[in-house]
Amino acid sequence: MDALKKFFPLSFKENKDNALIVSLVIYIVAAVVFGIVLGLLGIITKIPVLGAILGIVLGIIGAIVDLYCLIGIILVILVLAKVIK
């Protein structure tokens, strides 16, 4: 459990007034902003050789960030429901 608290500090905040809403908004905004940035960087993938390699790398990075945000959102909900302490 301590490892999860180190990797997802926003998910394990104390349940103050708007901790749930703030954490959810931060995770959602981070995923959207990172997706937009990767989309803009995807324009570079039009270059034949470099673009293919860069496209694969950007796709992997985007998947990791989206997975991190999804796990963070799930943990926020589980902490709120007191399934995880």
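Small disclaimer: the values here were computed from a predicted structure and weren't measured.
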Can you pull out every side-chain hydrogen bond (donor to acceptor under 3.5 Å, both in side chains) where at least one residue sits in residues 69-79? Sequence neighbours excluded, please. none
Strictly by side-chain hydrogen bond (donor to acceptor under 3.5 Å, both in side chains), give each pair with a member in residues 56-65 just once, sequence neighbours left out.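 Every candidate side-chain hydrogen bond (donor to acceptor under 3.5 Å, both in side chains) pair involving residues 56-65 fails, so no pair, neighbours aside, qualifies.
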Which donor-acceptor pairs under 3.5 Å do side chains of residues 19-38 form with protein atoms, sequence neighbours excluded?
{"residue": "S23", "atom": "OG", "partner": "L10", "partner atom": "O", "Å": "3.1"}
{"residue": "S23", "atom": "OG", "partner": "A19", "partner atom": "O", "Å": "2.9"}
{"residue": "Y27", "atom": "OH", "partner": "S11", "partner atom": "OG", "Å": "3.0"}

Single-linkage hydrophobic cluster I61~L41, side-chain heavy atoms < 4.5 angstrom: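 In one cluster with I61: L41, yes.
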Side-chain heavy atoms under 4.5 angstrom apart, residues restricted to Ile, Leu, Val, Met, Phe, Trp, Tyr: same cluster for I77 and V83? yes
Name all residues meeting the ring pair (Phe, Tyr, Trp, His ring centres under 6.0 Å) criterion together with Y68; count only those two or more places apart in sequence or in a different chain, and write none if there are none.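 By the ring pair (Phe, Tyr, Trp, His ring centres under 6.0 Å) rule, Y68 matches F8.
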Residues in side-chain contact (heavy atoms from CB on, under 4.5 Å) with I74, at least two apart? L70, L78
